[in-house]
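Letters A, B, ... mirror the listed sequences (proteins, then strands); counts begin at 1.
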Amino acid sequence: MDTQYKPHEIEEKWQRFWDENKSFAVSEDPEKEKYYLLEMFPYPSGRIHMGHVRNYTIGDVVARYKTMKGLNVLHPMGWDAFGMPAENAAIQSKSHPAKWTYSNIDMMREQLKRIGFSYDWDRELATCDLIYYKWEQLLFLKMYERGLAYRKKSFVNWCDKCQTVLANEQVENGCCWRCKDEVQLKELNQWFFRITEYADELLESLDSLSGWPERVVTMQRNWIGKSYGTEIEFGIENSDDAITVFTTRPDTLYGATFMSLAPENPLALSLSKDTDQEAAVQAFVERVLKQDKTVRSSEDLEKEGVFTGAYCINPVTGFRMPIYVANFVLMEYGTGAVMAVPAHDQRDYEFAQKYTLDVKVVIQPEGEELDAAAMTAAYVDDGVLVNSDQFTGRNNREAMKAITEYLAGEGKGRQAINFRLKDWGISRQRYWGNPIPMIHCDACGIVPVPESDLPVVLPEDVSLEVVGKSPLAECDSFMQTTCPTCGKPARRETDTMDTFVESSWYFARYACPEFDQGPLDVDRVKYWMPVDQYIGGIEHAVLHLLYARFFTKVLRDLGLVAVDEPFANLLTQGMVCMETYQCDKCGWLYPEEVQDGKCSTCSGPARIGRTEKMSKSTRNVVDPESLIERYGADTARLFCLFAAPPERDLEWSDKGVEGSYRFLLRVWRLVAEHSEKLCASGQVAFQDDLAGDIKDLRRKTHQTIQKVSDDIDTRFHFNTAISAVMELVNQLYQYDVAKDDNPMRVAAFKEALEMAVLLLSPMVPHICEELWQMMGRDGCVAVASWPSFDPEIAKADEVEIVIQVNGKLRGKILTAADAPEDEVKEKALACEQVKPWLEGKDIKKVISVPGKLVSIVVK
RNA sequence: GCGAGAGUGGCGGAAUGGCAGACGCACUGGACUUAGGAUCCAGCGGGCAACCGUGGGGGUUCGAGUCCCCCCUCUCGCACCA
């Protein structure tokens with residue numbers, strides 16, 4: 001034996017082989033069943049991290065498995081390439097976002113190739129490629145045509161110092177992440193996608209997503225947040241106008257004693273105009289709008305408000321309700337105005353206490369009488385209506401419907417549905433994104449860029465360091481254009497699109513990444529869509545997956561795709577975690593900075609902290625690069641698969657990695673030590689009457705094929721698939737083939753080993769290719785057929801039957817697998833170990849589970 | 001508060017309602033060795049034992065880690081939603 005396992009050599013060799021042979025390139029083949037496997041594409045941040053390795057390894061196993069099963073597998077990879085980090089990096093390194101992004105892509109592509117993923121690299125795309133964002137602009141125009149893209153004023157996070165809009169994620173403790181200046185809400189004109197148009201469908205078709213994890217479906221359902229209620233009009237005193245509220249509690253209408261408006265509600269300022277309260281309202285609104293959203297929406301924030309000076313009239317009681325502006329009312333929910341029922345809503349109660357407003361009880365709990373003056377908290381449960389005219393005495397649940405119907409009859413209200421889901425604001429005042437293809441003309445207003453003028457190209461010569469404006473707004477050559485309608489000078493829209501737009505349709509574009517006649521080549525997309533299996537992190541459970549679903553429905557309505565839903569099956573993999581270490585003096589420590597529980601810098605005690613997601617800030621990261629350098633890609637892949645099932649968090653363990661490496665060595669040695677013998681052994685027809693360990697080994701071999709196929713196919717439980725192969729390998733180590741020249745034994749050994757290699761190949765492809773070759777087999781494992789098992793061989797001919805007496809294990813017997821039930825029962829009752837437990841007892845019942853156990857009930 | 005998921009040896013994790021702890025890690029002992037941090041072999045939940053053991057308490061069942069009810073803890077999502 002002179003052949004050593006040299007992972008890097010063989011990995012390079014086979015990666016080159018797959019590359020040169022285009023082993024994973026696919027094309028549309030109507031004769032073959034298609035399978036589209038997709039992992040969420042990465043942001044090209046610079047380097048691959050362990051989360052990527054895990055995600056893409058899981059996907060790769062399934063892709064390779066499906067390929068071996070004979071399916072036509074599409075398994076593409078690309079780059080979610082627009083976004084802010086590129087701009088920041090460019091500013092820092094005084095280079096260009098495009099340069100930074102593309103060089104990261106080059107680096108990361110090489111890293112992915114070194115892990116041996118089976119991508120069809122011919123289909124690679126980057127969302128910042130002109131051909132990609134050009135067709136996205138067309139999609140925008142189509143959506144604009146249909147009223148699905150529109151512009152409106154809305155409140156955004158605004159940093160006055162930087163003069164820019166910030167995404168929610170860019171607001172840290174109420175301050176701008178860059179300049180640390182206070183962030184406030186500001187009303188700006190922004191572009192939106194009318195996702196609410198599809199709210200009902202997005203909600204309803206969740207039911208068809210049986211291949212999605214329940215919790216993701218639930219999260220989306222909550223996010224869309226459909227609630228049924230009533231819209232009620234409250235006439236404003238001395239005015240023809242009315243305030244409309246949305247309530248899920250119309251039953252409490254008779255108890256509404258005042259009105260609360262959101263500070264963002266334009267009525268707040270307009271109602272108080274020219275009253276004594278004008279200054280107070282203005283000051284209050286300004287103050288609240290300046291507050292950080294997270295502070296403002298925390299539940300323990302003190303309820304505060306200010307009277308507007310105006311009143312409205314309760315439509316059923318005629319009660320003169322003072323109108324307040326209140327800090328806890330949200331503009332985003334309902335109509336931004338709430339009818340306040342202090343007796344039956346805790347917030348309204350607290351507010352009424354503070355400002356001594358009327359409390360009127362309209363619901364009594366069964367057998368109890370509430371007194372408004374004696375209450376210390378709102379009564380929010382069900383009960384019987386009181387003080388409610390003709391509805392008095394009715395159960396409040398029934399009254400909801402009755403009161404709504406009454407209001408509808410009077411023209412003062414109606415049944416209504418409210419969604420939590422809001423239209424998707426896609427405007428970003430950034431450079432490195434897809435320019436929104438619109439033009440502002442003083443004469444014609446907002447005009448779309450004609451399709452024939454697409455793409456609106458991102459200019460290269462921009463200064464990213466401009467403070468005070470979006471970089472595009474500073475770039476005259478970009479800004480200045482002519483109006484396509486009237487031909488006069490006009491300005492381009494300088495907002496770019498949210499990067500979530502690019503990731504909302506990339507999965508369809510993989511079907512035709514080079515297509516230049518439109519966004520999608522309908523026939524090819526029809527062949528590949530939907531994605532049969534989508535794999536990615538749970539962190540995208542709402543936003544990305546919801547936007548992608550929305551886009552798919554829009555694309556369907558544009559006639560570009562033929563499916564209602566983009567992802568038939570979804571697997572959300574867990575995070576990669578690791579223990580953290582902390583020293584009181586030095587803070588977070590890398591594991592190598594800890595020696596015998598002490599910090600190697602200051603010798604102070606190093607505490608083992610919680611197990612947390614790998615992150616640079618807690619310094620508990622492992623760079624896949626160093627892992628691969630040390631053990632090779634196959635070991636990295638094996639560890640990711642073996643340490644935990646995919647949907648769970650994976651806890652990093654150096655020892656576990658070594659264990660994975662050792663297993664590969666074990667397999668390697670089995671082949672290397674016997675390669676001559678294995679190569680010499682040709683195809684052997686096994687006799688029917690095999691016995692002893694030859695038969696045992698063949699049985700184990702075929703059982704393993706069955707188990708591994710099942711684990712990969714139906715459950716994605718790669719950890720148990722691997723352990724099954726480990727068992728087979730352990731058995732092979734018991735099987736001393738070196739001293740044996742019985743051709744039947746050698747053949748059984750060879751069969752087992754070949755199967756082990758085939759079964760492992762989707763998981764650790766490089767070593768398997770090499771071993772396959774070493775065993776004298778031609779061709780490449782990646783395109784070999786997945787083995788099938790023979791149930792006859794897999795079947796045990798003798799089984800152990802467990803005997804229970806009153807549910808407790810009392811004995812075991814061996815019987816033929818096909819022994820008749822009566823015979824097994826008889827044998828069980830006669831079993832020596834069991835007899836003492838039956839003595840002097842009445843046997844009430846004997847239950848037999850064929851092949852498993854006999855359960856005896858005695859008294 | 002609402003919703004979802006989870007809780008099993010020293011650790012990661014296995015178990016269509018049917019022998020709890022597969023497989024791996026760690027550990028212990030042995031073999032081979034100049035050496036062993038390589039490799040191979042064996043052992044490995046607790047208890048001397050009867051037995052006891054899957055977060056706690058009930059229940060269904062011949063039989064419960066698994067199903068049902070209550071409770072505790074943790075993780076995630078949403079949350080002043082009117």
Using a cut-off of strictly less than 4.0 Å, decide whether A/Arg215 has a side-chain nitrogen or oxygen near OP1 or OP2 of B/U75. no
Please work out if A/Arg221 contacts a base, only the sugar-phosphate, or nothing of the nucleic acid, heavy-atom cut-off 4.0 Å. nothing
Got A/Ile58 and A/Phe716 here, is their nearest side-chain heavy-atom distance under 4.5 Å? no
Checking side-chain polar atoms at under 3.5 Å, does A/Ser227 have a donor or acceptor matched by the opposite partner on A/Tyr333? yes
4.5 Å side-chain heavy-atom contact, A/His344 and A/Val361: yes
Is there a Watson-Crick or G-U wobble partner for B/G3 with both distances under 3.5 Å, and if so, which one is it? B/C76
Tell me what A/Asp348 touches on the nucleic acid: a base, only sugar-phosphate, or nothing, going by heavy atoms under 4.0 Å. nothing
Determine: side-chain N/O of A/Arg810 to OP1/OP2 of B/C19, distance under 4.0 Å, yes or no. no
Euclidean distance for C1', B/G9 against B/U54 (whole angstrom): 10 Å
Across the strands shown, which category fits A/Val329 at heavy-atom distances under 4.0 angstrom: base, sugar-phosphate, nothing? base
Out of the candidates A/Tyr349, A/Phe319, A/Tyr355, A/Phe351, only one should pair with A/Phe258 under the ring-ring contact (aromatic ring centres under 6.0 Å, His included) rule; please name it. A/Phe351
Can you tell me the base-pairing partner of B/A14? Count Watson-Crick or G-U wobble geometry only, both distances below 3.5 Å, and say none if there is no partner. none
Below 4.0 Å: OP1/OP2 of B/A26 and any side-chain N or O of A/Arg662: yes
Verify the contact: side-chain N or O of A/Asn222 to OP1 or OP2 of B/A79, cut-off strictly under 4.0 Å; return yes or no. no
Taking only the C1' atom of each, what is the distance from B/C70 to B/C76 in whole angstrom? 24 Å
With a 4.0 Å cut-off on heavy atoms, is A/Asn418 in touch with a base, just the backbone sugar-phosphate, or nothing at all? nothing
Polar side-chain contact A/Lys844-B/C62 base: donor and acceptor under 3.5 Å: no
Does A/Trp837 reach a base, just sugar-phosphate, or nothing at all? Heavy atoms under 4.0 Å. sugar-phosphate
Heavy atoms only, 4.0 Å cut-off, all strands: where does A/Glu658 land among base, sugar-phosphate and nothing? nothing
Distance test, side-chain N/O of A/Arg420 to OP1/OP2 of B/G3, below 4.0 Å: no
Taken to the nearest whole Å, CZ/A/Arg669 to C1'/B/U39 is 6 Å
Look at all strands and tell whether A/Val857 reaches a base, only sugar-phosphate, or nothing, counting heavy atoms closer than 4.0 Å. sugar-phosphate
Answer yes if the side chains of A/Gln731 and A/Glu727 hold a donor-acceptor pair under 3.5 Å, and no otherwise. no
Nucleotide B/C25, atom C1' - distance to CZ of A/Phe663 in whole Å: 15 Å
For B/G65, what is the paired nucleotide under Watson-Crick or G-U wobble rules, both distances under 3.5 Å? none
Is A/Ser653 touching bases, backbone alone, or none of the nucleic acid, heavy atoms closer than 4.0 Å? nothing
Strictly below 4.0 Å: does A/Asn719 bring a side-chain N or O up to OP1 or OP2 of B/A22? no
With no hydrogens and no angle check, is any side-chain donor or acceptor of A/Asp711 less than 3.5 Å from a backbone partner on A/Phe718? no
Classified by glycosidic angle (syn within 90° of 0, else anti), B/G7 comes out anti
If you look at every strand shown and take non-hydrogen atoms under 4.0 Å, does A/Lys655 touch a base, only sugar-phosphate, or nothing? sugar-phosphate
Output the rounded distance in Å from CG (A/Leu809) to C1' (B/A64). 15 Å
In terms of side-chain geometry, is the basic nitrogen of A/Arg287 or A/Glu304 positioned less than 4.0 Å from the acidic oxygen of its partner? yes
Students often get this wrong, so: under 4.0 angstrom with heavy atoms, is A/Gln804 touching a base, only sugar-phosphate, or nothing? base
Just to be sure I understand the rule, does A/Arg347 reach a base, reach only the sugar-phosphate, or reach nothing, if contact means heavy atoms closer than 4.0 Å? base
How would you label the contact of A/Pro645 with the nucleic acid (heavy atoms, under 4.0 Å): base, sugar-phosphate, or nothing? sugar-phosphate
For A/Lys812, which contact category applies under a 4.0 Å heavy-atom criterion: base, sugar-phosphate, or nothing? base
Counterpart base for B/G9, defined by Watson-Crick or G-U wobble contacts under 3.5 Å: none
Using a cut-off of 4.0 Å on non-hydrogen atoms, how would the nucleic acid contact of A/Glu350 be classed: base, sugar-phosphate, or nothing? nothing
Taking any strand in view, what nucleotide pairs with B/C27 in a Watson-Crick or G-U wobble way, both distances under 3.5 Å? B/G43
If you go through the side-chain atoms of A/Lys845, does one of them form a donor-acceptor pair with the base of B/C62 closer than 3.5 Å? no
